[in-house]
Undergrad: 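Structure in structure tokens, see below.
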Amino acid sequence: MHRFANPAQFNRLADAILPWATGAFVLLLGAGLYYAFFDSPPDYQQGESVRVMYIHVPAAWMAMFTYMVMAVASFTALVWRHPLALLAGRAAAPIGAVFTALALITGMLWGKPMWGTYWVWDGRLTSVLVLLFLYLGYMALWQAIDEEEKAGRAASILALVGVVNIPIIKFSVDWWSTLHQPASVMRLDGPTIDGSMLMPLLLMAGAYQAYFAVVFLWRMKLEINRRKLAVARQVSMHAPVGAE
Amino acid sequence: MAEFLSMGGYASFVWTAYGTSAAALVWLAVSSRKQLKETNEAVEAARARRRGDS
């Protein structure tokens with residue numbers, strides 16, 4: 001693990017993974033969209049509106065997955081002071097915020113025709129809105145505190161405290177009766193969704209996962225650059241007079 | 001074709017959901033890529049300056 005603590009080594013690893021992740025994204029997205037629109041049936045209750053599921057559910061899954069990436073990175077940063085861990089949290093946060101916003105927006109657009117309302121203040125929708133605020137709060141803390149070390153610690157602690165929200169999101173539909181349907185894929189007794197709909201759903205979930213890998217690696221490289229520039233600025237500030 | 005686009009009467013919901021998702025994901029990817037390029041150039045410039053100093 002600490003082998004990749006070296007930014008140069010990390011960049012080499014990222015450059016090796018990036019073409020594969022990009023290729024996987026293109027293939028999965030193409031196949032996923034094909035199945036989503038041309039090779040899956042309309043739902044017997046929901047009609048064609050069910051096609052929103054193929055982008056709503058992957059966005060929601062990735063919203064939680066990305067939060068766990070950010071939380072593990074924050075934990076690693078706080079406990080082992082791994083040099084790349086803080087950067088990983090910073091790199092993940094905006095991606096998670098976008099996934100969460102998309103889960104909410106696509107959910108509203110699916111809820112309106114099916115439930116008759118864009119929004120209800122139930123356990124699931126409210127806890128996902130809290131997730132969005134956790135991402136935004138994490139990014140705001142980085143912005144608000146000038147001293148990098150303090151900012152990193154505050155943001156990481158917020159990310160860790162927010163982890164309690166993840167099981168609340170997952171089990172909210174079981175704990176509180178709500179308009180939102182319970183899980184139909186990630187169940188202990190196996191998926192209850194038909195194979196013809198599971199196929200495009202899993203392909204699109206794969207595409208979203210590959211998208212995360214690509215953009216996360218780009219953002220990691222960008223955070224490493226930012227860090228290098230900050231260090232270089234400090235060095236030049238403390239350089240002896242006449243060194244410019 | 002028209003039937004496909006109408007999405008069984010749910011066109012405005014389905015296509016808005018797909019359109020918003022595509023727009024947001026493309027925006028995030030493009031802006032990340034752009035910032036990466038800018039910082040790459042800044043790192044290169046800093047390196048060149050340092051070489052010039054010594």
Side-chain angles (χ1 to χ4, degrees), chain A residues 22 25 29 33 36-38 42-43 46-56 58-59 91 94-95 97-99 101-103 105-114 204 207-208 211-212 214-229 231-233 235-236 239 243-244, chain B:
Chain A
T22 311
F25 169 69
L29 183 70
L33 287 175
F37 283 107
F38 302 109
D43 186 74
Q46 309 195 3
E48 304 287 349
S49 82
V50 74
R51 303 195 196 283
V52 174
M53 173 176 70
Y54 305 127
I55 49 173
H56 171 70
I95 313 176
V98 166
F99 283 139
L102 285 178
I105 293 167
T106 56
M108 289 166 84
L109 289 164
W110 195 11
K112 181 64 181 167
M114 291 302 108
M204 288 303 284
Y208 271 54
Y211 172 92
F212 171 82
V214 171
V215 177
F216 177 71
L217 289 174
W218 284 348
R219 296 199 72 90
M220 272 301 283
K221 292 176 60 156
L222 134 72
E223 292 295 343
I224 288 171
N225 281 346
R226 273 215 187 116
R227 192 78 205 109
K228 274 186 199 159
L229 291 168
V231 171
R233 252 196 311 278
V235 169
S236 73
E244 279 297 306
Chain B
M1 186 65 185
E3 197 200 322
F4 174 75
L5 289 177
S6 78
M7 279 291 135
Y10 297 118
S12 56
F13 299 107
V14 172
W15 297 123
T16 310
Y18 274 83
T20 312
S21 299
L25 294 176
V26 167
W27 169 78
L28 178 66
V30 168
S31 73
S32 302
R33 188 79 210 156
K34 196 172 139 246
Q35 290 174 58
L36 174 58
K37 258 198 189 136
E38 283 165 3
T39 55
N40 272 340
E41 280 159 18
V43 167
E44 272 314 305
R47 204 168 279 157
R49 255 200 314 278
R50 222 174 311 142
R51 250 180 258 127
D53 285 347
S54 53

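Numbered from 1 within each chain, the chains take letters A, B, ... in sequence-line order.
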Undergrad: Name the region of Phe99(A), side chain, backbone, both or neither, that has any atom closer than 4.5 Å to a heavy atom of chain B.
TA: side chain
Undergrad: With a 4.5 Å cut-off on heavy-atom pairs, point out which of Arg47(B), Gln35(B), Lys37(B) contacts chain A the most.
TA: Gln35(B)
Undergrad: Quick one: which of Ser32(B), Ala46(B), Ala24(B) has the most heavy-atom pairs under 4.5 Å with chain A, could you say?
TA: Ser32(B)
Undergrad: Tell me, for Ala36(A) versus chain B, whether the close heavy atoms (under 4.5 Å) come from the side chain, the backbone, both or neither.
TA: side chain
Undergrad: Who wins among Leu109(A), Val52(A), Ile224(A) for the most heavy-atom pairs under 4.5 Å with chain B?
TA: Leu109(A)
Undergrad: What distance do Lys34(B) atom NZ and Leu222(A) atom CG have between them, rounded to the nearest 0.5 Å?
TA: 11.5 Å
Undergrad: I need the residue from Arg219(A), Lys221(A), His56(A), Arg226(A) with the largest number of non-hydrogen atom pairs under 4.5 Å to chain B.
TA: Arg219(A)
Undergrad: Hey, which of Tyr54(A), Trp218(A), Phe38(A) has the most heavy atom pairs under 4.5 Å with chain B?
TA: Trp218(A)
Undergrad: For Thr106(A) versus Ser21(B), what's the shortest heavy-atom pair and its separation?
TA: CG2-OG, 3.5 Å
Undergrad: Taking atom CG of Leu25(B) and atom OH of Tyr208(A), what is their separation to the nearest 0.5 Å?
TA: 5.0 Å
Undergrad: At a heavy-atom separation under 4.5 Å, does Ile95(A) approach chain B through its side chain, its backbone, both, or neither?
TA: both
Undergrad: Hey, can you tell me if Tyr18(B) and Phe37(A) have their rings parallel, tilted or perpendicular (30° and 60° cut-offs)?
TA: tilted
Undergrad: For each of Leu229(A), Leu33(A), Val215(A), tally heavy-atom pairs with chain B at distances under 4.5 Å, and name the one with the top tally.
TA: Leu229(A)
Undergrad: So for Met114(A), is it side chain, backbone, both, or neither that comes closer than 4.5 Å to the heavy atoms of chain B?
TA: side chain
Undergrad: Check each atom of Lys228(A) against the heavy atoms of chain B and say whether the ones under 4.5 Å are side chain, backbone, both or neither.
TA: side chain
Undergrad: Which members of residues 6-16 of chain B, sorted by number, sit under 4.5 angstrom from chain A on a heavy-atom basis?
TA: Met7(B), Gly8(B), Tyr10(B), Phe13(B), Val14(B), Trp15(B), Thr16(B)
Undergrad: With a 4.5 angstrom heavy-atom cut-off, is it the side chain or the backbone of Arg51(A) that approaches chain B, or both, or neither?
TA: both
